[in-house]
Every structure is written in C-alpha cells, then in structure tokens.
Amino acid sequence: MFRPLTVAAPKIRFARFAWPRFISTVESGTAYENHTISIFNRLGASLERTGGAGDHGVDFRGPWTLPDQQQFYLVGQCKYYERKKIGPSVIREWEGVMSRQELDTLGIVVASSGFTPSCIQEALSSIYPIALVAIDGGDMSNQYTSIEQSIRGFVWNKAADTFIGKLVVAKKHYDLCKLDQADPAMYTIQLLWNGQPLPASVNK
C-alpha cells in the first residue's frame, strides 16, 4: 500500500521593517552645538555647552587662549539650518546678549549655512566684539573631521580686534585654475597666527 508523499511547506520568515528614525530639530541643534564646541576646543579653547532653558541666548561659553595672548572669555550662539542663511535680526538680538557680558568677552555667532551680506554688515558695524563663523554641519557624527574641513568662513568686526586681531583667515585652494570660484568645495579655510597655522590643542 502506497502512502502519498507529503512535503512540508517551507516556513517563510518576514523581515521586520524598521521605520527610519527622524532626527528632531532640537537634536540636530544640540549635535551642532557639540560639534562647534569640539572644533573650538581643538583650537585651544575650553568651552562648555550651556544651551537650554534659561541660557539667555548663549549656547556655549568658556575661556580661549591663543598663542602670545592673554586668555579671554568666549560666549557663542549656534544656528543650525540646512539651507537658510542667517539674517541681520540675529545680530541685533545677539547685541542684546553682548550688552550683558563682561568687557573681556568675545561673542561668536556660528551658522551652518552662512550669513547674508546684510547680516555680515550688521555685525561689522556693531560696537560689541562679534565674530561670525560658518561651520559645516554635514558630518557632525565624525569626530575626526578636520578643522579645515569644518570651518567654512571666519570674519569679525573692529571691536573684536582686541581679542583676535592677529588671526589671519586664509583660503587653501585645491586647484589653482579655480581661484576665482566661490564654491566651498574648491577650498578649505586655514587659521593662521603670526603667519603660522593655529595649532590644535592635543589634549582637547
């Protein structure tokens, strides 16, 4: 007597699909603040994040010591946007923050997407020592990103000369045939002090 051959149906395993986790605006802003602090601390500063409720517009603060110069205090604010450039209203608000600081304090506004021409003009004409720094936020998770790759621009007003007047911002181009191009992919920023590259702190 023959019995019919039965074949067990194969077990089908369904892979669990995980929806991508979207990073909130607050998380992105916090990550950018920490990225900025890391960059400046590698340049000899000792900054700490102060962002949060009651920060009075200050995201980080701490001392910064540059070669051949006495230590001065630094306070800063970060603006993380993917495309939007910072306008002059941010500088006017920042002047209110600076009016409450001690005289030995340099104020820095940091932006991931840069600044509009009117914003730069507003900062340059301010009576308070203010510097504008464009820091790329594209690879904030990589702690080994070089300072040159991160800093895309650095400008300050006359009042800030007391603190960083000897600092020179140089463009390091990749292709001499493209010196006239403003594309940030064509160059990096190098910070010089007395003609020498600003050393990164080895213990930060």
Side-chain angles (χ1 to χ4, degrees), residues 18-64 72-101 105-124 126 128-157 160 163-164 169 184-185 188-189 191 200-201 204:
W19 288 98
R21 180 177 180 271
F22 295 98
I23 300 177
S24 69
T25 302
V26 174
E27 288 176 313
S28 298
T30 300
Y32 186 65
E33 291 169 10
N34 290 330
H35 178 60
T36 297
I37 290 170
S38 174
I39 293 298
F40 275 97
N41 284 354
R42 286 157 62 189
L43 289 170
S46 298
L47 305 181
E48 294 182 355
R49 182 175 174 271
T50 59
D55 63 6
H56 303 291
V58 176
D59 293 327
F60 59 84
R61 63 173 67 242
W64 190 13
F72 60 88
Y73 208 68
L74 188 68
V75 295
Q77 184 179 82
C78 293
K79 295 293 184 182
Y80 178 73
Y81 299 110
E82 292 186 359
R83 297 180 181 86
K84 179 183 176 183
K85 292 189 176 184
I86 303 304
S89 62
V90 171
I91 303 303
R92 289 191 285 268
E93 294 174 0
W94 185 243
E95 286 181 311
V97 174
M98 290 301 298
S99 68
R100 299 188 293 270
Q101 307 301 318
T105 303
L106 171 66
I108 289 185
V109 177
V110 184
S112 58
S113 297
F115 308 86
T116 64
S118 58
C119 177
I120 296 174
Q121 186 58 43
E122 188 78 20
L124 293 179
S126 177
Y128 298 101
I130 295 176
L132 304 180
V133 185
I135 292 183
D136 185 21
D139 196 11
M140 293 184 289
S141 61
N142 185 0
Q143 61 178 327
Y144 301 106
T145 301
S146 71
I147 294 173
E148 289 184 349
Q149 290 174 321
S150 296
I151 298 179
R152 310 306 307 164
F154 203 132
V155 65
W156 59 91
N157 61 9
F163 304 95
I164 52 176
V169 181
T188 58
I189 293 294
L191 302 181
S201 178
K204 297 296 179 184

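Heavy atoms only: backbone and side chains are in, while hydrogens, waters and symmetry mates are out. Quick caveat: nothing in here was measured; it's all calculated off a predicted structure.
- The minimum heavy-atom distance linking W94 with V75 is given by the pair CZ2-O, 3.6 Å.
- A donor-acceptor contact shorter than 3.5 Å links the side chain of T116 to the backbone of I86.
- For the pair R92 and E122, the salt-bridge criterion is met [side-chain N within less than 4.0 Å of a carboxylate O].
- Formation of a donor-acceptor pair under 3.5 Å by the Y32 side chain with backbone atoms of I135 is found in this model.
- Listed here is the closest heavy atom pair of H56 and R100: O-NH2, 3.6 Å.
- The two residues V133 and F40 make their nearest non-hydrogen contact at CG2-CZ, 4.2 Å.
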Could you go through the side-chain contact (heavy atoms from CB on, under 4.5 Å) check for Q77 and V58 one step at a time? CA-CA 5 Å; Q77 184 179 82; V58 176; over 6 Å; no

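- The shortest non-hydrogen separation linking A123 to I130 is CB-CG2, 4.3 Å.
- The minimum heavy-atom distance between C78 and F60, with the atom names listed, is SG-CE2, 3.6 Å.
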Please evaluate residues F154 and I164 with respect to the criterion side-chain contact (heavy atoms from CB on, under 4.5 Å), reporting the C-alpha separation (whole Å), side-chain torsions for both, the decisive distance (0.1 Å), and the verdict. CA-CA 11 Å; F154 203 132; I164 52 176; 3.9 Å; yes

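- Atoms OG1 and CD1, on T36 and I151 in that order, are 9.5 Å from each other to the nearest 0.5 Å.
- Under a 3.5 Å cut-off, the side chain of N157 and the backbone N or O of P129 do not form any donor-acceptor pair.
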One pair to check against side-chain contact (heavy atoms from CB on, under 4.5 Å): S112 and R152. What are the steps and the verdict? CA-CA 9 Å; S112 58; R152 310 306 307 164; over 6 Å; no

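- Distance check, rounded to the nearest 0.5 Å: CG of L74 to CZ of R61 gives 10.0 Å.
- Side-chain atoms of S99 come within 3.5 Å of backbone atoms of G96 as a donor-acceptor pair (strictly under, hydrogens ignored).
- Using a 4.5 Å heavy-atom cutoff, the side chains of S126 and E95 are in contact.
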